[in-house]
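Chain identifiers are assigned alphabetically (A, B, ...) following the order of the sequence lines, protein sequences preceding nucleic acid strands; residue numbering begins at 1 within each chain.
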Protein chains: 4
Amino acid sequence: MKTRLAKAADTDPPLPVEDTKGRNRRQQILEAAARHFSARGFHATSMRDIAADVGFLVGSIYYHFDSKDALFVAVHGAAVDMMANAVQAALIDVVAPWDRLEAAAAAHCEALNGDNAFVGVVTPIFPVTVGELRNALAAQRDAYETMFMALIAELDLDANIDRNIFRLHVLSALNGTKFWYRPGGKTPSEIGRQLVSMLRPATAAR
Amino acid sequence: MKTRLAKAADTDPPLPVEDTKGRNRRQQILEAAARHFSARGFHATSMRDIAADVGFLVGSIYYHFDSKDALFVAVHGAAVDMMANAVQAALIDVVAPWDRLEAAAAAHCEALNGDNAFVGVVTPIFPVTVGELRNALAAQRDAYETMFMALIAELDLDANIDRNIFRLHVLSALNGTKFWYRPGGKTPSEIGRQLVSMLRPATAAR
Amino acid sequence: MKTRLAKAADTDPPLPVEDTKGRNRRQQILEAAARHFSARGFHATSMRDIAADVGFLVGSIYYHFDSKDALFVAVHGAAVDMMANAVQAALIDVVAPWDRLEAAAAAHCEALNGDNAFVGVVTPIFPVTVGELRNALAAQRDAYETMFMALIAELDLDANIDRNIFRLHVLSALNGTKFWYRPGGKTPSEIGRQLVSMLRPATAAR
Amino acid sequence: MKTRLAKAADTDPPLPVEDTKGRNRRQQILEAAARHFSARGFHATSMRDIAADVGFLVGSIYYHFDSKDALFVAVHGAAVDMMANAVQAALIDVVAPWDRLEAAAAAHCEALNGDNAFVGVVTPIFPVTVGELRNALAAQRDAYETMFMALIAELDLDANIDRNIFRLHVLSALNGTKFWYRPGGKTPSEIGRQLVSMLRPATAAR
DNA sequence: CATGAATGAGCATTCATTCAT
DNA sequence: AATGAATGAATGCTCATTCAT
């Protein structure tokens, strides 16, 4: 699981202030972009909005990112990595296949509806329906989806169930929460767990 | 279930060409708009694109629709009505609760991934995250969702399952097909049916 | 003094309803136009606004008037005639030259700031600074200004006062009230009278 | 009396070309805008007209000014300041109250009808009748009008003359020249002086 | 690294006007 | 006399992007 971003900063010895600055700036842009894309969507977010948030002018963003598309891809990639990490962490010490899927669903749902602006960008709202951008985003999700494929491969499912479709239905339902979840009722984690409860055969009860 | 649009065309005797013209133009705009919104999304579709498709100038659209938002709402409303009709039709003569849900899921999925451009607009890609437009669209979907609520109310579900969350998960999974379905493999109808198979308790087997 | 409009309706025997209708429609458009031009100005008033007020569609106005400019000229002409009538009426039985000017100033000011929408159009806000329209409007005012010229010709003024400039200053001051007069304090009539008080030599005191 | 604009250019030593450039561009836009607004009015002037005059594209104006309204307010503000300066300058060494008013009237009239495009914008042709813009413009004029209030306060006027109305009449008459003055006859200065001659009591003769 | 300035293309919308019916 | 439908040109404004400094 790649974690292209931020990881180095965790493990490397602290750099002198001047040296970190560059990296910081990039990170700041990324965060501001995540916040805006997440709140208003790709089209409704302008490069100016993002720049203003970081405290500099539009043109300056282009030193760090080639284009708005590239910026979005970077944010999206970071988000996917974060979600992958969250799910991996939730899986530690869980062994029974259905329990593992449930833990993953809970973690996914929680990450998606938590306060992490990055992850808000991961929803199925692809900014464009076709084109290079779409492909780039799809590629980033692939590794993540593979993780779920593995989880589902271990499930004891009825023979006539297509495991690919199973996976896509599960992830769609989970991602759909982005559109309807509102704080106050069940928690995101509970909502994710209920999905797996609905699917788990009686014979695989906990 | 209202069918605000296209109804007259179904039941009325064919009108002489001159009389139909007015209705045709509006309908043509609606169809072109559906095509574009569906293919490229709300933001990426310009009024000019739509006008060009119908063969007239931008300004002329405004004789028929007050604004881009209003046009989208009209398309969306028509789409929701079409889906409702499709599901209603699929329910005729089906009586067992789980069979009814399965029929509805199949019809929904088929409508969504068929060649009807209108329906392509119904997916969870709300063009805006907040605002009047969003509310208008949500209102149009309400009647439709109520239909599914009724279907689910009749299901014999485990006591600890929240039926609201059940409905939202089902519809999210179904709508999610818009993002991944590609012709060639299983049909949309089969995909919709598999979702219900996954959920149907062994005791309620067909 | 011409009163191009409405006069016929006063003196002619009442026409049968159907026959009057045409004339009424024109008159209704004129009144709606006066109301809008007066309240919002020429540019900010659209033909649609006016049409809507009369209860029909834009295109229909063009049966009665050739263009927006022509409509404005018609309104303006009617307004000038109304003011001329008001001033003429105020002059009856007033004989002393300075008293005559004062009566005229009071009448002008009252007409201008009264509730007659037509007159609201007479202010120095020429909709355009150059062009045919401007000339047409200026021509309509000529007869009116001539009236004031006659009034001023009779005044016993210092030899070094240019009577043309005198007239223009007086009318400018009077018209200027349109920009600052607000009901509540002195009446328009009193304001008009004060202007003449300011100008009247001590020896010509009342 | 502030002179927000152009001041630096008067007193500072000439800047090297590169340094002036930024200020020049803004100034150029301001001047082109003044020219157009003054000649054709607010509504009839398009941002494209102004941009073309400066030699760049519409969008570029928006780097310097937030909106058409803001641009107009800037031009108007500069104009009011220029007039205030002109009047102030004309008042130096003039002491007798009526002479001071006469000097001010002459300066005002001269500025208004001179070749300064900025000032052409100050006339009572408010581009809009209501709204924020109107308020902004009114505020800019306030300081200017206060100057005239002070001048009039010192005048020895008949007790029954309302000094506020006096001021408004004087300024209206002066501003009215914008609508009728044409070069060739009396100079603007003479025209302004005549207004005060007309008002000056015989006992206050020069 | 970041700014200031500008580009150029695009966008939703408005509006006076026309004209066949 | 009036309508419905459309035109075509313009308008204010936004935005991703570029680039010399």
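Cation-pi geometry between D:Lys68 and D:Phe42 is met: under 6.0 angstrom from the ring centre, within 45 degrees of the axis.
When rounded to the nearest whole Å, the span between CG of D:Asp69 and C1' of F:dG12 equals 10 Å. Atom C1' of nucleotide F:dA6 and atom CG of B:Leu57 are separated by 8 Å, given to the nearest angstrom. The distance between atom NE2 of B:His43 and atom C1' of F:dA16, rounded to the nearest whole Å, is 16 Å. Rounded to whole angstrom, the span from the CE atom of B:Met47 across to the P atom of F:dG8 amounts to 18 Å. Here E:dC19 presents its P atom at 19 Å from CZ of B:Phe56, a figure rounded to the nearest Å. For the pair C:His36 NE2 and E:dA16 P, the interatomic distance rounds to 12 Å; values are reported in whole Å. Between the OH atom of C:Tyr63 and the C1' atom of E:dA20 there is a distance of 16 Å, rounded to whole Å. Atom pair A:Leu71:CG and F:dT17:C1' shows a separation of 14 Å (rounding to whole Å applied).
Between C:Ser60 and F:dA1 there is no side-chain N or O to OP1 or OP2 distance below 4.0 Å. Applying the 4.0 Å criterion to OP1 and OP2 of F:dA2, one finds that C:His64 has a side-chain N or O inside that range.
By the 30° and 60° cut-offs, the orientation of the rings of A:Phe37 relative to A:Phe72 is perpendicular.
Nearest-nucleotide assignment on DNA chain E puts the 5′-proximal partner with B:Lys68, out of C:Ala44 and B:Lys68. Across the interface with DNA chain F, nearest-nucleotide mapping of B:Ile29 and D:Thr45 shows B:Ile29 to be the residue nearer the 5′ end. Comparing C:Asp49 and C:Gly59 along DNA chain E, the residue whose closest nucleotide (by nearest heavy atom) sits nearer the 5' end is C:Asp49.
For the side-chain contact (heavy atoms from CB on, under 4.5 Å) test, residues two or more places apart in sequence or in another chain that qualify with B:Tyr62 are B:Met47.
The line from CG of C:Leu71 to NE2 of C:His76 is 13.0 Å long, rounded to the nearest 0.5 Å.
Considering D:Val58, D:Leu30, D:Thr45 as possible partners of D:Ile50, the one that fulfils the side-chain contact (heavy atoms from CB on, under 4.5 Å) test is D:Thr45.
The nearest pair of heavy atoms linking D:Ala79 to D:Phe118 is CB-O, 3.2 Å.
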Strand DNA chain E as a dot-bracket string - pairs counted if Watson-Crick or G-U with both distances under 3.5 Å, | where the partner lies in another strand: .||||||||||||||||||||
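Contact annotation for A:Tyr62: base contact, defined as any heavy-atom pair under 4.0 Å involving a base atom.
On a pure distance criterion of 3.5 Å, a polar donor-acceptor pair joins the side chain of D:Arg48 and the base of F:dG12.
D:Ser38 contributes no side-chain N or O that, together with a main-chain N or O of D:Arg35, makes up a donor-acceptor pair within less than 3.5 Å.
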